[in-house]
Structure formats: structure tokens, C-alpha cells
K.L.:
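So that we are looking at the same thing, I have put the structure below in C-alpha cells.
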Amino acid sequence: MFTVGHRAKFGKLLSVLILVILIWTEVGCEKPSDVDINALLVRSVGGQVAIERIERLKSIQMSGDFSLNGTKGRFRTIYLAPDKLLLEAEFPAFKLIQAYDGQVAWQVGLNGLATEMTGYEKDEILKALYMQSYSYLPGKSNMGARSLLDVVLKEDRKLNRIVLIPPVGDTIMIDIDDSTGLIVEQESSVDGMKVRTIYENFHTVEGVMVPFDTRSLIEAADTEMEYHVDMI
């Protein structure tokens, strides 16, 4: 049974619904050489065909099953280009909503009242918007800074590790599989807590590569989140 304390904790953690991230277990590494970051990022979404599709993108709606420490629920996200985002998570005992309307970040809490989000919570939804809108891709006006941090060998896979620095919010670190070209892992933080996520089960949706299964760990909060997309 959920207590008020549990629900408050879950509300804080659900601000990372889209920003699910990873486990770092490096076997060995080499220094990056002449790696084209733009080419890596373009390939990660499906190549030039995907880029052209994303440039015409008006909206994305995604929903599916969500699990938080074994508690089952449903999630829904709606992105409206260029800068609006809605996140919903519904469990048997309660429902949480967070959104950014292009100017103000707000949420509907457990008491049913809408309040403005500030601080790390606002930064998190802006960071989610940054990833959901593909703002990290070359040519985007709010691309921010990007740099190749390292090239690592992990479990016999060569990974290109890239640091993304959005105009707003914390740094995001992504690992791109050198063989498949896909973003398979990501790392960020929420209110000082490291969030680590793995992306799996990629499918092509109108030319764009999308992960349908994601697993995330927040070790400091002893929390594990999983979600499976069943509609996009």
C-alpha cells in the first residue's frame, strides 16, 4: 500500500520518466580520434531519411506500460513541436501530470492542484523536452554544446561516449554503439542522484529509430523503473 511519503517520493522520481539511463562497466578504453560527432548523432536516429522526417515533425504521442519498483502503471507522453511537452503516469492509487507549455513548467500533484515547477524539477522537464524534440541533433537552433568524451570497450562492444550540454539543465552523457549506430545507454542526474538507463528493442517508426524498452536505475534512491512502449 502506498503512503503519502511513498507517493511524494514517486512524484519526485517520475520527473525522469523520459530521461531513463545506464550501468557503467568498462572493460577497457581507447582515446577518441577523428570521430565525426554529427555523423554519429545522425546515424543514431536512422540516418538522413530520419533527419528529414524529424525536421517535418509536428507531434509525438507515446504510451505504454510502466513499472516503478514492481508497481505497475501506465504512462503517456505528448510532444508538440517546437517546445511543448506533457508527461502522465497513472497508477491504481494515484495519477501524476507534468507539463511545459512553452513558457511555464507545471505539475498536478497528488492533491489534484496545479502548481508551477521550479528548480531541479523544471530543469528535468526541460531536459526531457531537449531529448524528446531531438534538439541535440546537428542544425537545431537550441542544440547546445556537444563533445566526444571517450571511446570505450564494454562487454565486447565499442561505444562512442558523447557529452550533451543542453542550454538549460544538467549535462547528459550518451553511449552510441559503434556497430549498430544506436544510442544504447545514457547517464544524467536528478537532484544530485545519478540516473542510469539502458535502451533496447529498437523499431523504425516512420523512418526514425525508437527504443521500445527502457530500464533505469537510481541507486541512491534504491529505485528501478522500466517502461515498454506499445503505442507511438
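Just the heavy atoms: all of them, side chains too, but no hydrogens, waters or symmetry mates, feed the values below.
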K.L.:
Could you check if a side-chain atom of R146 sits within less than 4.5 angstrom of a side-chain atom of L41, using non-hydrogen atoms only?
P.N.:
yes
K.L.:
Could you tell me whether E52 atom CD has more than 12 heavy atoms of other residues or ligands within 6.0 Å of it?
P.N.:
yes
K.L.:
Can you confirm whether I198 sits close enough to T214 that some side-chain heavy atom of one is under 4.5 Å from a side-chain heavy atom of the other?
P.N.:
no
K.L.:
Of all the heavy-atom pairs spanning P82 and L129, show the shortest one and how long it is.
P.N.:
O-CD1, 4.5 Å
K.L.:
Decide whether M143 and M131 are clustered together by the hydrophobic rule: side chain heavy atoms of Ile, Leu, Val, Met, Phe, Trp, Tyr closer than 4.5 Å, transitively.
P.N.:
no
K.L.:
Distance alone, cut at 3.5 Å: any donor-acceptor contact between the side chains of H228 and D213?
P.N.:
yes
K.L.:
If you measure from NZ on K72 to OG on S67, what distance do you get to the nearest 0.5 Å?
P.N.:
4.0 Å
K.L.:
Please examine the side chains of E224 and R215, heavy atoms only from C-beta on, and report whether any two atoms are closer than 4.5 Å.
P.N.:
yes
K.L.:
Looking at Q98 and I125, what are the two nearest heavy atoms and their distance?
P.N.:
C-CD1, 3.9 Å
K.L.:
Working to the nearest 0.5 angstrom, can you tell me the gap between I54 CD1 and Y134 OH?
P.N.:
5.0 Å
K.L.:
May I have the step-by-step check of side-chain contact (heavy atoms from CB on, under 4.5 Å) for D230 and D65, ending in yes or no?
P.N.:
CA-CA 7 Å; D230 57 28; D65 296 321; 4.3 Å; yes
K.L.:
Would you call I172 and I174 a side-chain contact if the rule is heavy atoms closer than 4.5 Å?
P.N.:
yes
K.L.:
Can you tell me how far the CD atom of E226 sits from the CG atom of L217, to the nearest 0.5 Å?
P.N.:
9.0 Å
K.L.:
V184 versus L159: any side-chain heavy-atom pair under 4.5 Å?
P.N.:
yes
K.L.:
Side chains of M62 and M231: does their closest heavy-atom pair fall under 4.5 Å?
P.N.:
no
K.L.:
Would you say the side chain of P166 lies within less than 4.5 Å of the side chain of L126, judging by non-hydrogen atoms?
P.N.:
no
K.L.:
Just wondering, do Y79 and S133 contact through their side chains at under 4.5 Å, heavy atoms?
P.N.:
yes
K.L.:
Given the rule in the side-chain contact (heavy atoms from CB on, under 4.5 Å) test, do I78 and R76 qualify, once you have shown the distances and angles that lead to the verdict?
P.N.:
CA-CA 7 Å; I78 300 176; R76 181 173 70 132; 3.3 Å; yes
K.L.:
Using a distance-only test with no angle check, is there a side-chain donor-acceptor pair under 3.5 angstrom linking K127 and S188?
P.N.:
yes
K.L.:
Can a salt bridge be assigned to the pair E88 and R74 using a cut-off of 4.0 Å between side-chain N and carboxylate O?
P.N.:
no
K.L.:
Check G144 against P167 and note the closest heavy-atom contact, atom names and distance.
P.N.:
CA-CD, 4.1 Å
K.L.:
What do the steps show when you test W106 against T115 for side-chain contact (heavy atoms from CB on, under 4.5 Å), and what is the final call?
P.N.:
CA-CA 5 Å; W106 55 272; T115 58; over 6 Å; no
K.L.:
Working to the nearest 0.5 angstrom, can you tell me the gap between F75 CZ and Y227 OH?
P.N.:
5.5 Å
K.L.:
Specify the closest pair of heavy atoms between D156 and L153, including all atoms of both residues, with the distance to one decimal.
P.N.:
C-CD1, 3.8 Å
K.L.:
Can any side-chain N or O of R43 pair as donor or acceptor with the backbone N or O of D178 at less than 3.5 Å?
P.N.:
yes
K.L.:
Between the side chains of D150 and R161, is the shortest nitrogen-to-carboxylate-oxygen separation below 4.0 Å, so that they form an ion pair?
P.N.:
no
K.L.:
Of all the heavy-atom pairs spanning V45 and Y136, show the shortest one and how long it is.
P.N.:
CG1-OH, 3.8 Å
K.L.:
Counting only N and O atoms by type, is there a donor-acceptor contact under 3.5 Å from the side chain of Y199 to the main-chain atoms of F202?
P.N.:
no
K.L.:
When rounded to the nearest 0.5 angstrom, what is the spacing between CG in L57 and CD1 in I51?
P.N.:
11.5 Å
K.L.:
Could you state whether I165 and M173 fall into the same hydrophobic cluster, counting links through intermediate Ile, Leu, Val, Met, Phe, Trp or Tyr residues with side-chain heavy atoms under 4.5 angstrom apart?
P.N.:
yes
K.L.:
Which is it for I162 and I176 under the side-chain contact (heavy atoms from CB on, under 4.5 Å) test, yes or no, and what are the steps along the way?
P.N.:
CA-CA 8 Å; I162 295 176; I176 297 179; 3.8 Å; yes
K.L.:
On the 0 to 90° scale, with breaks at 30° and 60°, tag the H203-F212 ring pair as parallel, tilted or perpendicular.
P.N.:
perpendicular
K.L.:
How many angstroms lie between atom CG of L68 and atom OG1 of T223, to the nearest 0.5 angstrom?
P.N.:
6.0 Å
K.L.:
Quick check: does any side chain N or O of S147 sit under 3.5 Å from a backbone N or O of L149, one acting as donor and the other as acceptor?
P.N.:
no
